There are 2 protein chains.
Amino acid sequence: MEEVRRRDREGTRQRILEAARRLFAELGYDHVTMRLIAAEADANIALINRYFGAKRELFAEVLAMQGRFPGVLDGPQEELPRRLAEYVADRLLSDRGSPVMEALSRSSATPEIQGIIKDRVSSAIMEPLAGRLTGEDARLRASIATALITGSGTLRQLFGQDALDAPAREVVVERLARVFEVCLAP
Amino acid sequence: MEEVRRRDREGTRQRILEAARRLFAELGYDHVTMRLIAAEADANIALINRYFGAKRELFAEVLAMQGRFPGVLDGPQEELPRRLAEYVADRLLSDRGSPVMEALSRSSATPEIQGIIKDRVSSAIMEPLAGRLTGEDARLRASIATALITGSGTLRQLFGQDALDAPAREVVVERLARVFEVCLAP
DNA sequence: TAAGTTAGTAGACGCATGTTTACTTCGTCA
DNA sequence: TGACGAAGTAAACATGCGTCTACTAACTTA
C-alpha cells in the first residue's frame, strides 16, 4: 500500500510549493506552520528548509510564482474597470478567493515579510495599474483601486462568500465597475 | 525615585487597556505579546490575565471601548461620502492611522478573534452605513465602501504615510469623495 | 557488486508564547 | 496593633514554533 514515488527531488519540491501556496492563501503567513506544510505536502519537514532555506523564502517563492493579474490588466483600456470589477466580484462570490489576494491581505501584518508583500503589491498591482493610467495623480488613483481590491480580500476572509448579502453577480459587477471607473478616470 | 502609585487596581487596569489599544493598533493581534503589553503598561503580566481573563478577551474589550466612527456617520446625509473621504484621507496621510481601522485590518487573519472582528466590522461600520442608505442593494453598497475603508488600512500599514505618493490632502479627499459617492448612491 | 551520492527521516535544540501558581507586600479596619 | 483581603510579583508550566543535526536508505555509477 506504500506509495512508490520516492526519491523524487523535483516532485517533492513541487508538492511543498503547492501545499504552501494553498495554505498561505487560506490561513495567512503566521498561521501556517512548517509542520502543517510538510503534512499537507506529505513530505518531511526538514526538506522544506533544505529546498527553500527558510519559511520566509518559501513565502517569497510562492508569491513569485503567482501570475500578475493574468488577463485582468491586459486587454482594451476602456474595459479595464469592468475587468477589475469582474475579477473582484468573482473572488468575492466564488467558493474560494484569489490566492494572491488572500495571502496578501492575510499576511500583511507580519513584519518579517512586510517587505516582500510591499514589493509584490507594488510590482503586481499598483505599478502596472498606474502605468496604464493617463492624467494627473495616476499613482493616487491606482492606490485607491488597490485599496478596494485588497479590502475586498479582507472582507471575503471575514465574511466568507456571503459578504455581500448575495445579490446577483451582474449587480455586483455593475456597481464595482462604476466604482473602479471613478477610481481610475483622470 | 520610585513611583508611589501602587495598589491602584483601576489605574493599573486602565494602563493595561490603553497600552493594549496602542499596541494592537500598531502591530496586530498576533504580534502583540502579553509581556509587551505588560512592559508598555508598566504592570505585571499576571495582572492582565487577572483583570481581563485572557488575551482574546482583552482584545474584545479594546475594540468595545472604541467609538463607532465618531462624527463620521453622524451629520447630514448628503455629506456622508465627503466625511468618509476625509476620515480615510486623514488616516492615510497622517503619521498614525486609526486604531480601529489598523487593529481590524492587521488582525483579521487570526481565527481566534475572527468572530470578534467580524461582529465589530458589522456593528460599527457596515450596518450603520447600510442603515443610512436608501434604495436597492444597500448592503452591497455598504460592503463596497467598507472594503475601501479596510483596504486603506492595509495600504497604510504596508506603505506608511506616503502610500499615495503624497499629493495634496484636498486632491485625495476630492477623489475619495467621488468614489464613495458612487459606492453609496442608489 | 561495491562505493558514493543524495533524497528522505527522526528527533532534538533553543526560544517564545499564553497562562497559572505560589508567594510577598501594601492598605485597611476591627 | 494585629489580622485579613487584595494588589502586585517572580517564576514556572506546558506547548508550539522554526531550524538544524545525525542518521538511514534508495538510486547511480564505476
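The chains referred to below are lettered A, B, ... by the order of the sequence lines, with proteins before strands, and numbering in each begins at 1. In this text, all values refer to a predicted model and were calculated from it rather than measured experimentally. Note: hydrogens, waters and symmetry copies are ignored here, and every other heavy atom, side chains too, is used.
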Undergrad: Please give, in whole Å, the distance from C:dG8 P to A:Arg7 CZ?
TA: 7 Å
Undergrad: For the pair made of CG in B:Leu27 and P in C:dT17, what is the distance, rounded to whole Å?
TA: 12 Å
Undergrad: Under 6.0 Å from the CD atom of A:Glu18, do we count more than 12 heavy atoms belonging to anything else shown?
TA: yes
Undergrad: What is the separation between atom CG on A:Asp8 and atom P on C:dG8, rounded to the nearest whole Å?
TA: 7 Å
Undergrad: Does the cation-pi check pass for B:Arg156 over B:Phe159, that is, NZ or CZ under 6.0 Å from the six-membered ring centre and within 45° of its axis?
TA: no
Undergrad: With a 4.5 Å heavy-atom cut-off, do B:Asn49 and B:Met34 have their side chains touching?
TA: yes
Undergrad: Could you tell me how far apart B:Arg13 (CZ) and D:dA6 (P) are, to the nearest whole angstrom?
TA: 17 Å
Undergrad: On DNA chain D, check which nucleotide each of A:Asp30 and A:Arg50 is closest to and give me the residue with the more 5' one.
TA: A:Asp30
Undergrad: Taking only side-chain nitrogens and oxygens of A:Thr12, does any of them come within less than 4.0 Å of OP1 or OP2 of C:dA7?
TA: no
Undergrad: Return no unless some side-chain N or O of A:Arg9 is found under 4.0 Å from OP1 or OP2 of C:dA7.
TA: yes
Undergrad: When you measure from the side chain of B:Arg35, which nucleotide among D:dC17, C:dT17, D:dT21 comes out closest?
TA: C:dT17
Undergrad: May I ask you to check if B:Arg22 and B:Phe24 form a cation-pi contact, with NZ or CZ under 6.0 angstrom from the six-membered ring centre and within 45° of the axis?
TA: no
Undergrad: Between B:Lys55 (NZ) and C:dT20 (C1'), how many Å, whole number?
TA: 17 Å
Undergrad: Going by atom types alone, do A:Ser108 and A:Gln114 pair a side-chain donor with an acceptor below 3.5 Å?
TA: no
Undergrad: Ignoring backbone atoms, test whether A:Asn49 places a side-chain nitrogen or oxygen under 4.0 Å from the OP1 or OP2 oxygen of D:dT19.
TA: yes
Undergrad: Quick one: B:Leu47 CG to D:dT9 P, roughly how many Å, whole number?
TA: 7 Å
Undergrad: Using the side-chain heavy atoms of A:Ile45, tell me which of these nucleotides is nearest: D:dT9, D:dT19, C:dT20.
TA: D:dT19
Undergrad: Which nucleotide sits closest to the side chain of B:Ala46: C:dT21, C:dT9, C:dT17?
TA: C:dT21
Undergrad: When all nucleic acid strands are considered with a 4.0 Å heavy-atom cut-off, which category describes B:Phe52: base, sugar-phosphate, or nothing?
TA: nothing
Undergrad: Rounded to whole angstrom units, what separation is found between the CG atom of B:Asn44 and the C1' atom of C:dT20?
TA: 12 Å
Undergrad: Check the distance between D:dG18's P and A:Ile37's CD1 and give it to me in whole angstrom.
TA: 8 Å
Undergrad: What's the closest nucleotide to the A:Met34 side chain, out of C:dT21, D:dC20, D:dT19?
TA: D:dT19
